[in-house]
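All residue numbers in this chain count up from 1 along the given sequence.
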Amino acid sequence: MGGCLSKSKPVEVKVELTLLGKEKEAGVKSANGKASPFSDCRPNGALEHCSDEDSAAAAPLRLYKPRDYLEASVCHVKDLENGQMREVDLGSGRALLIKEHGEFSAMGHKCPHYGAPLVKGILSKGHVRCPWHGACFNIVTGDIEDFPGLDSLPTFQVRVEKDKVIIRANKQDLQSQKRSKAMARCSAVNSSTGFSQVLIIGSGPAGLVCAETLRQEGFTDRIVMCTMDKHPPYDRPKLSKSLESTAEQLRLRSIDFLQAHDIELLTEKEAVAVDVKMRAVTFQDDSRMEYRKLFIATGSKPKLMNYKGQDVRNVFHLRTPEDANSVARLANNKNAVIVGTSFVGMEVAAALTDKAHSVSIIGIEAIPFRKALGEKVGKAIMKLKEVVLKSGKVLRADVCVIGTGSGPATGFLKQSGVHMDSKGFVPVNKTMQTNVDGVFAGGDIVTFPFPGRSNKKVNIPHWQMAHVHGRTAAHGMMGRPTEIKTVPYFWSAMFGKSLRYAGYGDGFDDVIIQGDVDELKFVAFYTRGEEVVAVASMNYDPIVSRVAEVLGSGKTIRKRDVETGDMSWLIDKGSQ
């Protein structure tokens, strides 16, 4: 695979803690030879950033004392070459030290999304891309630039003194390894309960990111987010992978956090109709709310199937934490049947293998994931689990999970004036606005212009892409339009194995595989004509993030580039 996947040689790091009682001498130079900014620099987070801790979320300013900081000499100035990263120990925590274009920088070492070690990620053009799910962070500010995830990284001050690289870090930031961006507060006074400047339908990643982005961009009017769920926003992809997790364990933001940033959340509030002429939404409880701007992000709903039986309390469409918890409880030492070979169905099957007496999977496809991943990859994954495919066979089921796919949850938009296609998807423009002025939509329910396909409108129902839609819609609402430039990124976990996927492979006509598919250690490149349009891998990190970085830069990867097996073209030369 060339040199791009080789591990860095272990580096012995010596830590020297420095007392902070005295001010630094004025003559200290930084890595670029300029005067050290330490004497007049602000502590990271003092004016521009706020803590993600719910108890402190409302505080607009954090003031630190010298004892809140520590300093450590972490390496020699020549220990890092340009384009290299090292995870260094400061005694009370770890940081990611980076050298790019002769400049040192330091920030949190774990991705705030799922805790991936960023030192194993990709450093390129001023940001670090997570090796697991592709989130990107600016190496100077620590701000999240691409998703998934909601939080940014703390940054730490770096200077060079007598050929030693010294990091000064706030202890709290060093421990938390994440921060949320500063957000404006609502300045509206005596807001009518029946009107909101911005109304968001749906509390998934698209809706939540839209609300937070509006506040981060200085929006000071009322924001109301309503949802059918009875819980605050939670990590839905984990439902099928971690069946016993509670809503609290899965939560993305707490009620306290949302209240502290003046984002009103109405739970168990299902929208049943939209009147775009009156700019109003009607809910199932017959209440009504008017809006100035509307963002619709209701996500997907499961495709229903007919089944016999009066008592169907053991049949589930996996939609809520309660569903997942019930499946795990009822399947304990019992017979579980999964209907459907979707990613969700296979993930549930994998999660139950250590709990259930037996797990049977029923599917109509001879090879699971064939359309998305190709025949060879689908066959390899199928070997992980015996699949029952013959029709007419009767299986005893103490618990049944139906994972036969989903469709857009847009039925309530009929007669609204918002255009939908024949499948119920909502077409939007580059700013995520629908055909109706002031009405935006995002997430699983939309088709949007995708730059990777010459702005053809496509539907990409990925968790990561929903984040992007939320941010883009918020910018559009504020009259600051930004185009989507992200590379779609998807992941799945089955039977202890992780699958990663980047790009948009719909309509691929060939698959070039490097590695051993049977051993589930491979990278698969999906091509259309002579162009690579997507990549998938198992046990080959961080290859998918590397390819995402190349595609994200606007470069075209040719089929001939991947047929030889030489991956040297993946190594970024921009940081040297």
Side-chain angles (χ1 to χ4, degrees), residues 193-211 222-234 236 263-305 317-320 323 402 404-429 431-448 457 459-461 463 465-466 469-470 472-474 476-477:
T193 56
F195 174 80
S196 179
Q197 189 77 11
V198 172
L199 177 59
I200 298 171
I201 307 177
S203 63
L208 183 57
V209 170
C210 179
R222 191 181 185 198
I223 300 174
V224 173
M225 181 166 60
C226 59
T227 176
M228 292 174 58
D229 282 311
K230 67 178 183 179
H231 303 292
Y234 59 89
R236 192 179 295 273
I263 299 171
E264 298 176 51
L265 177 66
L266 305 179
T267 57
E268 299 181 275
K269 195 81 169 175
E270 180 180 359
V272 294
V274 174
D275 186 335
V276 298
K277 292 182 179 179
M278 299 300 295
R279 291 180 178 253
V281 175
T282 302
F283 298 95
Q284 193 173 36
D285 60 5
D286 292 329
S287 63
R288 189 169 179 269
M289 181 169 288
E290 297 179 359
Y291 61 83
R292 187 67 53 81
K293 302 285 186 182
L294 177 66
F295 183 50
I296 307 168
T298 43
S300 299
K301 63 179 181 180
K303 291 182 179 179
L304 301 179
M305 63 176 291
H317 292 92
L318 204 66
R319 296 294 297 166
T320 67
D323 288 342
I402 299 176
T404 52
S406 59
T410 54
F412 71 101
L413 292 177
K414 293 179 180 179
Q415 312 303 322
S416 69
V418 176
H419 287 173
M420 293 186 288
D421 65 19
S422 60
K423 296 181 179 179
F425 293 107
V426 178
V428 295
N429 62 18
T431 67
M432 308 308 294
Q433 186 166 244
T434 68
N435 63 297
V436 180
D437 184 51
V439 177
F440 297 75
D444 293 4
I445 68 171
V446 304
T447 58
F448 67 99
K457 289 192 176 182
N459 173 253
I460 303 179
W463 184 256
M465 188 57 67
H469 289 173
T472 305
M477 289 179 184

At their closest point, which heavy atom of [X] faces which heavy atom of [Y], and how far apart are they?
| X | Y | answer |
| --- | --- | --- |
| Gly299 | Ile445 | O-CG2, 3.1 Å |
| Tyr291 | Asp275 | OH-O, 4.0 Å |
| Lys303 | Gly407 | CG-N, 4.3 Å |
| Pro205 | Ala466 | CG-CB, 3.7 Å |
| Met278 | Arg288 | CB-NH2, 3.7 Å |
| Phe425 | Pro427 | O-CD, 3.4 Å |

Hey, could you give me the [atom1]/[atom2] distance between [X] and [Y], rounded to the nearest 0.5 Å?
| X | Y | atom1 | atom2 | answer |
| --- | --- | --- | --- | --- |
| Glu268 | Asp285 | CD | CG | 10.5 Å |
| Ile223 | Lys293 | CD1 | NZ | 13.5 Å |
| Glu290 | Leu199 | CD | CG | 11.0 Å |
| Phe295 | Met477 | CZ | CE | 6.5 Å |
| Phe448 | Ile460 | CZ | CD1 | 4.0 Å |
| Lys457 | Asn459 | NZ | CG | 12.5 Å |

If we only count heavy atoms from C-beta on, is the [X] to [Y] side-chain gap below 4.5 Å?
| X | Y | answer |
| --- | --- | --- |
| Val439 | Val418 | yes |
| Val426 | Pro408 | no |
| Leu208 | Met225 | yes |
| Cys210 | Met432 | no |

- Query: So, Arg236 and Asp229, do they make that salt bridge, N to O below 4.0 Å?
  - Reply: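 The answer is yes: the pair qualifies as a salt bridge.
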
- Contacts of type side chain to side chain donor-acceptor pair (under 3.5 Å), residue Thr431, not counting sequence neighbours: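 Partners of Thr431 by the side chain to side chain donor-acceptor pair (under 3.5 Å) criterion, ordered by chain and then number, come out as Asn429.
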
- Item | For Thr267, all residues meeting side chain to side chain donor-acceptor pair (under 3.5 Å), sequence neighbours excluded |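 Here no residue qualifies.
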
- Item | Test log, rule side-chain contact (heavy atoms from CB on, under 4.5 Å), inputs Val428 and Phe440 | CA-CA 7 Å; Val428 295; Phe440 297 75; over 6 Å; no

Could you tell me whether a side-chain N or O of [X] sits under 3.5 Å from a main-chain N or O of [Y], the two making a donor and an acceptor?
| X | Y | answer |
| --- | --- | --- |
| Thr410 | Gly424 | yes |
| Ser416 | Val274 | no |
| Asn435 | Gly417 | yes |

- Message: Between Ser287 and Lys269, do the side chains contain a donor N or O and an acceptor N or O under 3.5 Å apart?
- Response: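 The criterion, which ignores hydrogens and geometry beyond distance, is satisfied for Ser287 and Lys269.
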
- Task: Please report the C-alpha distance between Asp323 and His317 in whole Å, then the side-chain angles of each, then the deciding distance to 0.1 Å, and finally whether the side-chain contact (heavy atoms from CB on, under 4.5 Å) criterion is met.
- Result: CA-CA 7 Å; Asp323 288 342; His317 292 92; 5.7 Å; no

- Can you sort out the partners of Asp286 under salt bridge (Lys or Arg N to Asp or Glu O under 4.0 Å), two or more places apart, ordered by chain and number?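 Not a single residue meets the salt bridge (Lys or Arg N to Asp or Glu O under 4.0 Å) criterion with Asp286.
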
- Task: Give a yes or no on this: more than 12 heavy atoms of other residues, nucleotides or ligands lie within 6.0 Å of atom CE of Met228.
- Result: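 Not more than 12 within 6.0 Å, no.
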
- Name the one of Thr227, Ile263, Thr298, Leu266 that satisfies side chain to side chain contact (heavy atoms under 4.5 Å, CB included) with Ser203?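 Exactly one option meets the side chain to side chain contact (heavy atoms under 4.5 Å, CB included) with Ser203, and it is Thr227.
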
